[in-house]
Amino acid sequence: TRNTVVFPGVESMIAALVQRQLPWGVVTNKSKRFTQPLTQALPLFSSAKTIISGDTTAFSKPHPQPLLEAAQQLGVAPGRCVYVGDDERDIVAGLAAGMMTVAVTYGYLGQKADTREWGADVTINSADQLLHLLPQP
């Protein structure tokens, strides 16, 4: 975990989610054997209400099932969820799950990635911009 990158603004954005009592979680395509040690080692994830790995459900993204499982574990209707992603498959899955989708221009984007082509509801350039899309305290 020493080489793990946390993008600027993410920690303060998560702190704001917690302060606003907005449950949040992670849905990744990485298998649990990789996800669990990483998320347990980083204090950043201690307030996550759910962590869904690529092998938690029968399908992984771009299928909506992992996102629907996350919503169920959070106790939030999919239509009230906001799914943030740095890959087109994230947006495809979020839209299929009936969630508001947010594409980020930061993250592990490939050189040829064009977030404008993904069909997300919103695109943001920094983590703190997400807070403006969420219910205010």
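What you see below is based on every heavy atom in this structure, not just the backbone, and it leaves out hydrogens, waters and symmetry mates. Everything numeric in this text was worked out from a predicted model, so none of it was measured.
- Rounded to the nearest 0.5 Å, atoms NZ (K30) and OG (S53) are 10.0 Å apart.
- A distance of 5.5 Å separates CD in E11 from CG in L44, rounded to the nearest 0.5 Å.
- The OG1 atom of T28 sits 8.5 Å away from the CG atom of D90 when rounded to the nearest 0.5 Å.
- Judged purely by distance below 3.5 Å, without hydrogens or angles, the side chains of Q65 and E69 never pair a donor atom with an acceptor atom.
- Applying the salt bridge (Lys or Arg N to Asp or Glu O under 4.0 Å) rule to R33 yields no partners; only residues at least two apart in sequence or on another chain are considered.
- In the hydrophobic clustering of ILVMFWY residues, with side-chain heavy atoms under 4.5 Å counting as a link, V82 and V122 come out together.
- Rounding to the nearest 0.5 Å places CG of D121 at 10.0 Å from CG of L133.
- Checked by atom type and distance alone, the side chain of T50 never pairs as donor or acceptor with a backbone atom of G25 at under 3.5 Å.
- For D55 and S31, the side-chain atoms include no donor-acceptor pair closer than 3.5 Å.
- M100 and L131 fall within the same hydrophobic cluster, defined by Ile, Leu, Val, Met, Phe, Trp and Tyr side-chain heavy atoms under 4.5 Å apart, directly or through other members.
- A donor-acceptor distance shorter than 3.5 angstrom exists from the side chain of K61 to the backbone of V27, with no hydrogens or angles considered.
- When the options I124, T123, D86 are evaluated for a side chain to side chain contact (heavy atoms under 4.5 Å, CB included) with T105, the one that passes is T123.
- Here the CE-CZ distance, from M99 to R80, works out to 12.5 Å after rounding to the nearest 0.5 Å.
- Side-chain heavy atoms closer than 4.5 Å link hydrophobic residues (I, L, V, M, F, W, Y) into clusters, and following such links, possibly through other members, connects V102 to L22.
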